[in-house]
Visitor: 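Just dropping this structure here.
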Amino acid sequence: MKLLRLLLRNTAAWAFIQLALSYTMMHVPRTLFPSHRWLFQSFTFEDEGRFWQRHFKVKRWKHQLPDSSSLFSASFNHRELASNDLHALQTFSTETNRAEFTHWLTLLICPFFYFWNPRWAARINIFYALISSLPFIIVQRYNRPKLQRLITRKKRRLYDNT
C-alpha cells in the first residue's frame, strides 16, 4: 500500500511537472530562445549533428517521439515545416530551442524528488526523467545544424538576389 501511494504520488508529480512546464514554456516569448545562445550552439564533438546519428541512430526512432502539439493546440508542431521560407525556418529553429530548453528544465527538477522519496525511488525518478527527456534533447541537437544550414542558405539567396 505504501509503495502504491509512492507510485501514485510520483506519477502525479511527473504529470503535473511535465504538463505545467510544457504549457508555461509555450507562453514564453520566442525572443528568449535565439540560436546564438550557448546552450543552443552545436559543439565541436557533435560534428554538425553526425555524432548523434553515429552513436544513437536518431533517424531510426526520432519520428516515433510524441509531439506536444498533440496535447496543446497552441503548441508548435515539430513534426513538419509549415513552409520552407526564411521566416518559417527561423520560427522552427526557435521552437526547437524552446523544446530542448523545456527538456533541460525537466532534468533540473529531478533532485526535488529526493525530498519525498527514499533514495532508491528518487533514483528511479531520475532515470525516468533521463529516458523521457534525453531522446528529445538528442533529436533537437541532431536537427539543429541542418536547420541552421538551411537558414544560412536561404539568407544567402535572399541577399544575393538584392
Side-chain angles (χ1 to χ4, degrees), residues 13-113 123 125-162:
W14 275 119
F16 175 77
I17 288 166
Q18 290 179 310
L19 290 173
L21 263 179
S22 293
Y23 183 81
T24 302
M25 294 307 293
M26 271 185 346
H27 294 88
V28 172
R30 284 188 177 137
T31 55
L32 296 178
F33 301 102
S35 295
H36 67 270
R37 299 232 193 255
W38 70 268
L39 179 63
F40 307 124
Q41 293 294 308
S42 285
F43 299 106
T44 307
F45 81 89
E46 291 178 291
D47 191 23
E48 294 291 309
R50 289 183 282 275
F51 170 86
W52 303 109
Q53 176 57 28
R54 210 172 24 252
H55 296 285
F56 295 95
K57 310 295 184 217
V58 178
K59 288 181 191 177
R60 287 187 191 166
W61 52 265
K62 71 177 189 166
H63 64 279
Q64 295 175 8
L65 294 176
D67 187 77
S68 63
S69 63
S70 61
L71 290 175
F72 302 111
S73 60
S75 181
F76 188 84
N77 183 351
H78 294 94
R79 292 212 183 274
E80 58 188 63
L81 281 167
S83 164
N84 69 348
D85 67 11
L86 182 58
H87 178 71
L89 290 171
Q90 289 171 325
T91 300
F92 194 83
S93 177
T94 302
E95 291 298 330
T96 63
N97 295 348
R98 181 194 309 267
E100 181 178 345
F101 188 74
T102 302
H103 287 283
W104 281 117
L105 285 178
T106 301
L107 292 177
L108 288 176
I109 289 170
C110 289
F112 291 104
F113 280 82
R123 287 180 179 153
N125 280 284
I126 289 172
F127 179 72
Y128 167 76
L130 289 169
I131 63 170
S132 68
S133 288
L134 286 178
F136 293 94
I137 292 169
I138 289 169
V139 168
Q140 305 313 327
R141 308 275 332 154
Y142 168 76
N143 285 333
R144 184 169 298 115
K146 286 191 252 178
L147 198 49
Q148 291 306 315
R149 281 194 302 273
L150 274 172
I151 290 169
T152 302
R153 270 190 242 137
K154 283 281 185 190
K155 284 181 179 177
R156 223 180 268 139
R157 283 187 200 137
L158 282 173
Y159 296 125
D160 287 348
N161 291 335
T162 57

Visitor: At their closest point, which heavy atom of Phe136 faces which heavy atom of Pro66, and how far apart are they?
Guide: CE2-O, 3.2 Å
Visitor: Step through the shown structure and confirm whether more than 12 heavy atoms of other residues, nucleotides or ligands are within 6.0 Å of NZ on Lys155.
Guide: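 Atom NZ in Lys155 is not packed in, count stays at 12 or less.
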Visitor: Can you see which heavy atom on Trp38 is nearest to which on Phe43, and at what distance?
Guide: O-CZ, 3.7 Å
Visitor: So which heavy atom on Gly49 is nearest to which on Pro145, and how close?
Guide: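 Shortest heavy-atom separation between Gly49 and Pro145 comes out as N-CG, 3.7 Å.
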Visitor: Using ring pair (Phe, Tyr, Trp, His ring centres under 6.0 Å) as the criterion, list what pairs up with Tyr128, not counting sequence neighbours.
Guide: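 With neighbours one apart ignored, the set is Trp14.
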Visitor: Once you round to the nearest 0.5 Å, how far does CD of Gln53 lie from NZ of Lys62?
Guide: 9.0 Å
Visitor: Would you indicate whether the side-chain heavy atoms of Ile138 and Trp61 approach each other to under 4.5 Å?
Guide: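 SC-SC contact between Trp61 and Ile138 confirmed.
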Visitor: What heavy-atom pair brings Leu86 and Lys154 nearest, and what distance separates the two atoms?
Guide: CD1-CB, 3.9 Å
Visitor: For residues Gln140 and Ala99, report the shortest heavy-atom separation together with the two atoms involved.
Guide: NE2-CB, 4.0 Å
Visitor: Rounded to the nearest 0.5 Å, what's the gap from CG on Asn143 to CZ on Phe92? Could you check?
Guide: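 Output value for this atom pair is 6.5 Å.
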Visitor: Regarding Arg30 and Glu95, does a basic nitrogen lie under 4.0 Å from an acidic carboxylate oxygen?
Guide: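 Looking at Glu95 together with Arg30, the answer is yes, because their closest N to O distance falls below 4.0 Å.
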Visitor: Quick check against the 3.5 Å criterion: does Thr96 have a side-chain atom that pairs as donor or acceptor with the backbone of Ser93?
Guide: yes
Visitor: Check Leu39 against Glu100 and note the closest heavy-atom contact, atom names and distance.
Guide: O-OE2, 3.9 Å
Visitor: Parallel, tilted or perpendicular, judged at 30° and 60°: which one describes the rings of Trp52 and Phe45?
Guide: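 Ring orientation, 0 to 90° scale: perpendicular.
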Visitor: When you compare the side chains of Thr106 and Gln18, does any donor N or O come within less than 3.5 Å of an acceptor on the partner?
Guide: no
Visitor: Distance from Arg50 atom CZ to Ser42 atom OG, nearest 0.5 Å?
Guide: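 Taking CZ in Arg50 and OG in Ser42, the distance rounds to 10.5 Å.
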Visitor: Residues two or more places apart in sequence or in another chain: which of them pass side chain to side chain donor-acceptor pair (under 3.5 Å) with Arg37?
Guide: none
Visitor: Any chance NE2 of His55 has more than 12 other-residue heavy atoms, nucleotides or ligands included, within less than 6.0 Å?
Guide: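 Yes - once you tally the heavy atoms of other residues, nucleotides and ligands closer than 6.0 Å, there are more than 12.
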Visitor: Applying side chain to side chain contact (heavy atoms under 4.5 Å, CB included), can you list everything that pairs with Leu130, at least two apart in sequence or on another chain?
Guide: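 Applying side chain to side chain contact (heavy atoms under 4.5 Å, CB included) to Leu130 gives Leu107, Ile126, Leu134.
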Visitor: If you measure from the Lys or Arg side-chain nitrogens to the Asp or Glu carboxylate oxygens, is any gap between Arg144 and Glu46 under 4.0 Å?
Guide: no
Visitor: For the side chain of Thr152 and the backbone of Gln148, is there at least one donor-acceptor N/O pair under 3.5 Å apart?
Guide: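 The answer is yes, because a donor-acceptor pair under 3.5 Å joins these two groups.
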Visitor: Would you check if the side chain of Arg98 reaches a backbone N or O of Val28 as a donor-acceptor pair within less than 3.5 Å?
Guide: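 Answer holds: yes.
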Visitor: Return the CD1 to CH2 distance between Ile109 and Trp104, rounded to the nearest 0.5 Å.
Guide: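 CH2 of Trp104 is found 14.0 Å from CD1 of Ile109.
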Visitor: Going by heavy atoms in the side chains, are Leu65 and Val139 under 4.5 Å from each other?
Guide: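 In short, these two side chains touch, coming nearer than 4.5 Å.
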Visitor: Dump the intermediate steps for side chain to side chain contact (heavy atoms under 4.5 Å, CB included) on Phe101 and Asn97, then the final yes or no.
Guide: CA-CA 6 Å; Phe101 188 74; Asn97 295 348; over 6 Å; no
Visitor: Using modelled atom types only, decide if a donor and an acceptor are shared between the side chain of Gln90 and the backbone of Ile151 within a distance under 3.5 Å.
Guide: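 Side chain of Gln90 to backbone of Ile151: no pair is present.
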Visitor: Can you tell if the side chain of Lys59 reaches within under 4.5 Å of the side chain of Tyr142, non-hydrogen atoms only?
Guide: yes
Visitor: Under 6.0 Å from the CZ atom of Arg156, do we count more than 12 heavy atoms belonging to anything else shown?
Guide: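 No, the 6.0 Å shell around CZ holds no more than 12 heavy atoms from other groups.
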Visitor: Atom CG in Leu105, atom CD1 in Ile17: separation rounded to 0.5 Å?
Guide: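 CD1 of Ile17 is found 11.5 Å from CG of Leu105.
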